[in-house]
Amino acid sequence: MPINVNMTKARTIQMDAIRAERNKELAAKDITFMRAVEDADTDAQATIKAEKQVLRDLPATFDITTDVDTPEELKAKWPTELPARE
């Protein structure tokens, strides 16, 4: 008997994992941003600010529904803006 997976719930779990990793990346960028502020490096500040905005937008912009019909496909779907999962 095949195992039935609730893909709606699985997508929610996957997006929660993406958000958790995104939050770690945002925290790391906060440190880098503060160093740029200390150094008065406005170019670095602007770059980091843009990178942080991309991370903030991930939950709204990353599509985990298109071409994702199995748990394996869902697990493989991961934003390139985040570090690869182990």
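Residue numbers count from 1 along this sequence.
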| task | List the steps and the verdict of side-chain contact (heavy atoms from CB on, under 4.5 Å) for T70 and V5. | result | CA-CA 8 Å; T70 67; V5 175; over 6 Å; no
| message | Does D39, at its CG atom, have more than 12 non-hydrogen atoms belonging to other residues, nucleotides or ligands within less than 6.0 Å? | response |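 Buried by this count: over 12 neighbours within 6.0 Å.
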| field | R35, CZ: over 12 other non-hydrogen atoms inside 6.0 angstrom | value | no
So which atom in [X] and which in [Y] form the shortest heavy-atom distance, rounded to 0.1 Å?
X	Y	value
R22	L58	CG-CD1, 4.4 Å
P83	E25	CG-OE2, 3.3 Å
E81	V54	CG-CG1, 3.7 Å
A36	Q45	O-NE2, 3.3 Å
R85	K75	NH2-O, 2.6 Å

| said: Same cluster or not: L26 versus I18, using hydrophobic residues (I, L, V, M, F, W, Y) connected whenever any side-chain heavy atoms lie under 4.5 Å apart? | reply: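 Yes, L26 and I18 fall within the same hydrophobic cluster.
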Straight-line distance of [X] [atom1] to [Y] [atom2], nearest 0.5 Å:
X	Y	atom1	atom2	value
I48	T32	CD1	OG1	5.5 Å
M7	D69	CE	CG	7.0 Å
T65	R11	OG1	CZ	6.0 Å
T80	F62	OG1	CZ	8.0 Å
W78	I64	CH2	CD1	10.5 Å
L55	N23	CG	CG	9.5 Å

| query | Hey, is the main chain of K9 close enough, under 3.5 Å, to the side chain of Q14 for a donor-acceptor pair? | reply | no
| Taking atom types as modelled and ignoring hydrogens, do the side chains of D57 and Q53 form a donor-acceptor contact shorter than 3.5 angstrom? | yes
| query | Could K52 and D30 be called an ion pair, given the rule that one side-chain N must be under 4.0 Å from one carboxylate O? | reply | yes
